[in-house]
Q: 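Here's a structure for you.
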Amino acid sequence: MRGPHSAGSWTDGDQPLELTAFVGRSAELAELTAALGRARLVTVTGVGGVGKSRLAVRAAARWGSGDPERDRGRVELAPVRDPQFVEYAVVEALGLTDHTSRMPRETLLEHLAGRRVLLVLDGFEHLVTACADLVAELLRKLPELRVLATGRRPLGLAGERLFPLAPLGGDEAVELFTDRARSQGVPVADGAEVRELCHRLEGIPLALELAAGRLRALSPAQLLQRLDDRFRLLTGGGRDALPRHQTLRTAIGWSHELCTPAERLLWARLSAFAETFDLEAAEYVCSGDGLPAEDVLDVLSELLAQSVVAREETPVGPRYRMLDTVRAYGAGWLEATGDADRLRRRHRDWYLGLATWCELEWFSPRQREVAARVDAELPNLRTALEFCLTVPDEAHLAQHLAGSLWFCWVGCGRLSEGRRWLERSVELDSEYDQARLKALWVLGYVAILQGDTVPALQALRACREQAERSADPTAVAYAEHRTGCLALVTDDMARAETLLRSALHRYREIGELNSNVLMGQVELAMARAFQGDLPDAVRLCEDVRQVCEDHGERWARSYALYVLAYAAWLDGDPAGARVLLADCLDNAHAFRDLLGSVLSIELLALVTVTQGDPVEAAVLQGAAGRLWPSVGLPLFGSAFYNAPHEQCEAAARQALGDARYAECVREGAGLDREAAVARALRHREAGALSALPSPRGPVAQGGGEAGTEGEPGKRGEAEKREPAASPTRKGGETAG
């Protein structure tokens, strides 16, 4: 799970949530680490703000330190509101990619099987039933798995070892308070007033941090006086009856009271965000009605100084977050003002706009930036989707948003989650045909990639019929295109070519040019290649490559490179094919596109055996074999796509013998996704094997009309071929 795409995992020295120094807790840290060695399920319980998350992260890092066989992953559950999405959150946080229609739990069981993993479930208390059910099954079926959970209550499972976390003791509380004071540029001494303040706040770290955030404006004595006044008001003068959860709420409320009206307003409005947000989103969502957009930055800066909001650096720039306890307090105030529904709509509108912008920019040099941005914004996009699905008369917005995120579901390895949102959206009645039609063809596309033929046909047929009734040429083109894609992967090459040519013609007529259109041209090229017309396939994909380079597009370009590599290998240029495939694989992996990755590895195996290394070829086939269950039916169950695999296997078996071949395949099957990609990209010089059989025989057996290079007439009727895509043609025309 370690690697650049493992959002919820971490390596030694790279511990999440360490935005400030970790103070104290040395005894608790040692005890919790020891508990992880004795029990498979340990739950850290305690009041909000007591430091459960930070201690758990530290203990998990110590548990895995120095042992390469131990892996760790952390899942933040605070942003998850729907219990049905707990499993999706775990899969996402662990950086697992699964293109199939399997439930996320199946994916978890498969990927974690046999691995020594510590899974940290952080902040589960609002999802107890769903989390307990998941943890129980994972622990029952994965004997090497351990779970470290944090929450305000136990999970209630057999074998659960509870680790109640008390607030900081006197000395450690003072140490934390003075450390945070120094970070504010206001050093304070360890004196009677500071100790009394820490005592009044009962050593709760969050309360101490909020108090320290006020030191730029108030002295410890003034802080103590104000806090004492509030405690007396709440308890009638007696502090000993004040429960700890009330102490924290009092500390937060006291900090809230010390805020200016603008700060209180922004605090409440920021609670509309799930997890993190950026400045531009805050300025749009939270401005208006007493808070001008130009003032948001200054007010946000004050909340940062007071520890109400934290700032963190991310791959997409600075982002901000509130701890869940602080956010919940703000949400209560937002509800009390009667402004919650308006803020949720503004939040929805911002993320609808963001998704629309990202869809457009996907076909641009900012494609990688878009992928990273969507990754960072997923919690907010999910919140917006859920809002649209649950508010009357907003089904069309849910359909538009789920459809606009096609590139996230398809291009960035989130087919399973995308399908769920798409299915939920199209089930709703909507008077806006365009939005529903888009959701339908995207649903069909996702189902095709998952190998789910019947639901794919149903969605595409419904899209086509409704599009024709409503005279929507764009939806007709997409429905026809994806139906052609389905024909391609099910070996109906003649029908695939007919449908794809027709769809590309429709795209030209309406002036459509984007990554989807280019993928249609690549798919047509693949159909032509499988039918023996390599020159036409190369022409089509070289054109796609040129258009992609002109527009900075890299995702569709990867698939064009795959076809060009296949053609290069057939033309007797394995070295050239390897260069193309390395570029293809590198890009597909960067986008978390598992289909593009595994196709590249399969073809690299064939290139490798051709270059004289059957051992490495068999290892790569084993690595691909491990990845296919997360994609769907291996090589789509297609005789055409499977022919290179069979030829590679035959050559490797002949060179190695059955026993040695099987041994190498097993070695490859032991590689996870990151290791498999790294292995495939490792160039190994070798001399070419002699007299490898031609792939055209097996391809022809797949049901297509395989031609030969010496028979140009077999390329098909020239008049059927349209001009290839070119950015210089009017309207950005493309064709097959």
Side-chain angles (χ1 to χ4, degrees), residues 78-82 262 265-301 303 309 311-312 314-322 327 330-331 333-335 337-362 364 366 369-391 393-409 412 414 417-418 421 425 432 435 438-439:
V80 180
R81 290 291 173 258
D82 187 343
L265 194 59
L266 183 58
W267 182 342
R269 292 177 178 180
L270 289 175
S271 68
F273 291 102
E275 204 165 321
T276 66
F277 55 91
D278 61 19
L279 177 60
E280 290 77 12
E283 288 175 330
Y284 176 84
V285 174
C286 301
S287 62
D289 290 348
L291 185 60
E294 58 269 21
D295 291 350
V296 168
L297 176 57
D298 289 339
V299 180
L300 180 61
S301 297
L303 293 179
V309 176
R311 181 180 185 272
E312 57 188 54
T314 75
V316 292
R319 294 183 68 81
Y320 305 89
R321 72 162 67 230
M322 290 194 294
R327 181 189 290 112
W333 272 85
L334 188 63
E335 291 287 349
T337 64
D339 204 24
D341 189 63
R342 184 184 72 85
L343 260 292
R344 293 189 186 106
R345 290 182 184 279
R346 286 183 69 84
H347 178 276
R348 185 270 325 276
D349 292 344
W350 173 262
Y351 287 100
L352 273 171
L354 177 69
T356 301
W357 176 85
C358 285
E359 183 185 23
L360 292 172
E361 291 301 307
W362 181 256
S364 81
R366 288 176 288 276
E369 175 189 333
V370 168
R373 181 71 182 275
V374 169
D375 185 64
E377 297 288 11
L378 265 178
N380 284 304
L381 288 165
R382 290 167 179 147
T383 297
L385 279 163
E386 193 64 45
F387 180 79
C388 294
L389 287 167
T390 54
V391 174
D393 303 322
E394 299 217 341
H396 64 291
L397 295 179
Q399 292 161 357
H400 173 75
L401 182 52
S404 295
L405 289 170
W406 69 265
F407 63 92
C408 175
W409 316 136
C412 300
R414 297 186 177 89
E417 178 178 352
W421 290 116
S425 72
Y432 296 78
K438 185 169 188 175

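The analysis underlying the following values was restricted to heavy atoms, covering all of them including side chains, and did not include hydrogens, waters or symmetry mates. Residue numbers count from 1 along this sequence.
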Q: Decide side-chain contact (heavy atoms from CB on, under 4.5 Å) for Arg269 and Asp289; before the verdict, give the C-alpha distance in whole Å, the side-chain angles of both, and the deciding distance to 0.1 Å.
A: CA-CA 11 Å; Arg269 292 177 178 180; Asp289 290 348; 3.5 Å; yes
Q: Evaluate the side-chain proximity of Phe273 to Cys286: yes if any heavy-atom separation is below 4.5 Å, no if none is.
A: yes
Q: Rounded to the nearest 0.5 Å, what's the gap from CD on Glu275 to OG1 on Thr383? Could you check?
A: 9.5 Å
Q: Would you say Asp339's side chain and Leu334's backbone share a donor-acceptor pair under 3.5 angstrom?
A: no
Q: What's the spacing between Leu352 CG and Phe387 CZ if we round to 0.5 Å?
A: 10.5 Å
Q: Could you measure the distance from the CG atom of Leu265 to the CG atom of Asp295? Nearest 0.5 Å is fine.
A: 11.0 Å
Q: Are Arg346 and Tyr284 in a cation-pi contact, defined as NZ or CZ under 6.0 Å from the six-membered ring centre and within 45° of the axis?
A: yes
Q: How many angstroms lie between CZ in Arg321 and CG in Leu270, if you round to the nearest 0.5 Å?
A: 13.5 Å
Q: Just by distance, do the side chain of Ser404 and the backbone of Leu401 share a donor-acceptor pair under 3.5 Å?
A: no
Q: Hey, what's the ring geometry for His396 with Tyr432, parallel, tilted or perpendicular (30° and 60° as the breaks)?
A: parallel
Q: Would you check if Val391 and Arg344 make a side-chain contact, meaning some heavy-atom pair closer than 4.5 Å?
A: no
Q: Do the side chains of Pro318 and Asp278 get nearer than 4.5 Å, heavy atoms only?
A: no
Q: Determine whether a donor-acceptor pair (N or O, by modelled atom type, separation under 3.5 Å) exists between the side chain of Trp362 and the backbone of Trp406.
A: no
Q: Report the distance from atom CG of Asp349 to atom CZ of Arg342, rounding to the nearest 0.5 Å.
A: 11.0 Å
Q: Considering the options His400, Arg348, Gln399, which one meets the side chain to side chain donor-acceptor pair (under 3.5 Å) requirement together with Glu394?
A: Arg348
Q: CH2 of Trp350 to CD of Glu377: how many Å apart, nearest 0.5 Å?
A: 9.0 Å
